[in-house]
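Down below is the structure, laid out as structure tokens.
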Amino acid sequence: MYLAHFGLRELPFSLTPDTSFFFACTNYQEGLNTLLVAARTGEGFIKIVGEVGNGKTLLCRKFIATLNSDRETTTAIGTQDGGVSGRHAAKFITAYIPNPYLEPRSLLLALAEEFRIEVDNSFDQHQLLKELTRTLLNFARDGKRVLVCLDEAQAMPLESLEMLRLLTNLETEKRKLMQVVLFGQPELDERLKQNSVRQLRQRISFQYELQGLHRDEMDRYLRHRLAVAGFKGETLFGPRAVNLLHRVTRGTPRLANIVAHKALLLSYAEGRQQVQARHVRKAAADTPEAYKDWMVWVWSGAAAVAVSALVALGMWLK
């Protein structure tokens with residue numbers, strides 16, 4: 001692999017949502033700030049929507065990590081690795097459910113597992129709700145806030161969404177016993193338009209749409225990931241390579257990672273120390289989703305040139 005060749009200690013463009021690679025561009029920082037403000041106000045539902053590959057899972061994990069790293073919110077139960085850290089009482093107890101394609105009873109079982117509630121598999125839905133309610137009340141009595149993050153929420157059955165709403169009905173005189181953050185693709189908005197979940201829709205107090213990287217952010221994004229991976233120089237991507245990379249990926253971080261990784265491989269194979277535009281072009285051609293977008297751009301550009309030529313020809317003939 002190219003690590004030693006470029007002086008890297010790890011792969012800079014891995015698809016694993018590693019929070020150490022989180023890039024705080026304007027869009028992502030705004031999304032994170034929205035989540036942190038919403039969490040600390042104690043409202044019921046929060047919604048983050050973004051296209052495929054725009055970094056929703058990474059933002060979710062960064063959000064949980066930020067809550068848990070705060071000195072006032074040291075201990076976290078039910079994080080994605082199931083671990084418990086710190087010695088002090090937590091202000092937030094977080095649960096992360098990566099695949100919410102669960103019918104209501106299975107969702108309740110998943111929440112019970114995240115909150116370390118000992119339940120019998122024979123428990124029916126009513127018994128599970130009773131145990132969860134008791135646990136949430138105990139958390140509130142201890143001054144702890146409960147926050148549940150559901151990734152890929154567009155896949156959640158409507159009946160399970162309604163179950164979540166019922167759980168968020170539980171509250172003290174001051175605040176809700178449980179907050180829910182829905183991370184999903186744009187299809188989530190379509191599901192929430194259903195009449196059967198209109199009550200939930202009205203309870204979404206904060207929302208944010210996660211966009212891709214802007215053109216002026218792509219170069220900083222690449223430099224950031226390379227630096228985190230151990231690169232000591234300025235950058236491995238020339239200006240034309242950066243321009244083309246943004247063009248073929250339309251700023252989608254996941255596609256940018258895939259194409260950048262392949263471009264580094266091509267540069268390494270030639271023994272070069274910097275990625276050129278032709279490396280990005282070849283890498284994009286080997287990446288169907290990026291190639292499709294690139295061809296749309298190429299043909300739109302060709303069409304614009306053709307129209308301009310016809311207009312010029314018409315004026316000349318006059």
Side-chain angles (χ1 to χ4, degrees), residues 1-29 31-32 48-63 65 80 98 151-152 183 185 210-269 272-297:
M1 194 59 76
Y2 54 68
L3 295 184
H5 179 75
F6 292 117
L8 300 167
R9 109 180 127 257
E10 60 181 310
L11 292 175
F13 301 109
S14 170
L15 299 185
T16 303
D18 183 345
T19 56
S20 65
F21 283 96
F22 182 80
F23 176 62
C25 64
T26 302
N27 190 34
Y28 286 73
Q29 192 60 55
L32 181 59
I48 302 293
V49 169
E51 266 295 350
V52 176
N54 272 355
K56 297 181 295 298
T57 299
L58 180 57
L59 177 62
C60 176
R61 294 188 178 183
K62 179 65 176 179
F63 169 52
Q80 63 267 26
D151 209 352
E152 304 295 345
F183 291 85
Q185 297 169 17
L210 197 62
Q211 304 287 339
L213 298 164
H214 299 305
R215 165 62 193 88
D216 60 346
E217 293 171 333
M218 181 60 77
D219 183 52
R220 289 186 287 123
Y221 175 78
L222 298 172
R223 290 171 184 261
H224 169 75
R225 293 193 70 103
L226 287 168
V228 172
F231 184 65
K232 301 300 183 184
E234 284 294 318
T235 183
L236 291 175
F237 291 79
R240 292 183 59 216
V242 174
N243 286 335
L244 185 57
L245 182 60
H246 184 267
R247 200 174 293 147
V248 300
T249 64
R250 295 189 177 182
T252 303
R254 181 183 296 161
L255 284 178
N257 286 358
I258 293 171
V259 175
H261 170 64
K262 291 180 179 179
L264 283 173
L265 283 171
L266 290 167
S267 178
Y268 165 67
R272 295 186 175 273
Q273 292 295 325
Q274 193 171 58
V275 173
Q276 304 296 324
R278 57 189 175 81
H279 298 135
V280 173
R281 191 176 300 110
K282 288 181 181 179
D286 188 57
T287 307
E289 199 64 26
Y291 183 72
K292 178 187 70 176
D293 289 342
W294 180 40
M295 290 307 296
V296 168
W297 175 82

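Every value quoted in this text rests on a predicted model; they were computed, and no experiment measured them.
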For a quick test of reading the model, state the closest non-hydrogen atom pair linking [X] to [Y] and the distance between them.
{"X": "V275", "Y": "A263", "result": "CG1-CB, 3.7 Å"}
{"X": "A284", "Y": "V259", "result": "N-CG1, 4.1 Å"}
{"X": "D151", "Y": "T57", "result": "OD2-OG1, 2.5 Å"}
{"X": "P253", "Y": "G53", "result": "CD-O, 3.2 Å"}

For this session: Measure up the F13 and F237 rings against each other and bin them: parallel (under 30°), tilted (30 to 60°), perpendicular (over 60°).
Result: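 Taking F237 first and then F13, their aromatic rings stand perpendicular (interplane angle over 60°).
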Taking [X] for the side chain and [Y] for the main chain, is one N or O donor matched with an acceptor at less than 3.5 Å?
{"X": "N257", "Y": "L15", "value": "no"}
{"X": "Q29", "Y": "T26", "value": "no"}
{"X": "K56", "Y": "G50", "value": "yes"}
{"X": "H224", "Y": "D219", "value": "no"}
{"X": "N27", "Y": "L210", "value": "no"}
{"X": "R223", "Y": "E234", "value": "yes"}
{"X": "R9", "Y": "V228", "value": "yes"}
{"X": "T249", "Y": "L255", "value": "no"}

Measuring from [X]:[atom1] to [Y]:[atom2], what's the distance to the nearest 0.5 Å?
{"X": "S267", "Y": "L236", "atom1": "OG", "atom2": "CG", "value": "7.5 Å"}
{"X": "H246", "Y": "D216", "atom1": "NE2", "atom2": "CG", "value": "8.0 Å"}
{"X": "Y221", "Y": "F21", "atom1": "OH", "atom2": "CZ", "value": "9.5 Å"}
{"X": "E10", "Y": "R225", "atom1": "CD", "atom2": "CZ", "value": "9.0 Å"}
{"X": "M218", "Y": "N243", "atom1": "CE", "atom2": "CG", "value": "10.0 Å"}
{"X": "E217", "Y": "L222", "atom1": "CD", "atom2": "CG", "value": "11.5 Å"}

For a 4.5 angstrom cut-off between non-hydrogen side-chain atoms, does [X] reach [Y]?
{"X": "L11", "Y": "M1", "value": "yes"}
{"X": "K282", "Y": "K262", "value": "no"}
{"X": "V49", "Y": "Q185", "value": "no"}
{"X": "F183", "Y": "P98", "value": "no"}
{"X": "F23", "Y": "L213", "value": "yes"}
{"X": "L264", "Y": "P12", "value": "yes"}

For this session: Taking atom CZ of R240 as the centre, report whether more than 12 heavy atoms of other residues, nucleotides or ligands fall under 6.0 Å from it.
Result: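 Open.
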Problem set entry | side-chain hydrogen bond (donor to acceptor under 3.5 Å, both in side chains) assessment of Y2 paired with H261 | CA-CA 10 Å; Y2 54 68; H261 170 64; 2.8 Å; yes
Problem set entry | Derivation and outcome, side-chain contact (heavy atoms from CB on, under 4.5 Å), residues Q273 and H5 | CA-CA 8 Å; Q273 292 295 325; H5 179 75; 3.2 Å; yes
Problem set entry | Donor + acceptor pair across side chains of T16, D18 (<3.5 Å) | no
For this session: Would you kindly say whether Y268 and H279 are connected by a side-chain donor-acceptor distance under 3.5 Å?
Result: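 No donor-acceptor contact under 3.5 Å links the two side chains.
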Problem set entry | E51/T252 under side-chain contact (heavy atoms from CB on, under 4.5 Å): CA gap, chis, key distance, verdict | CA-CA 9 Å; E51 266 295 350; T252 303; over 6 Å; no
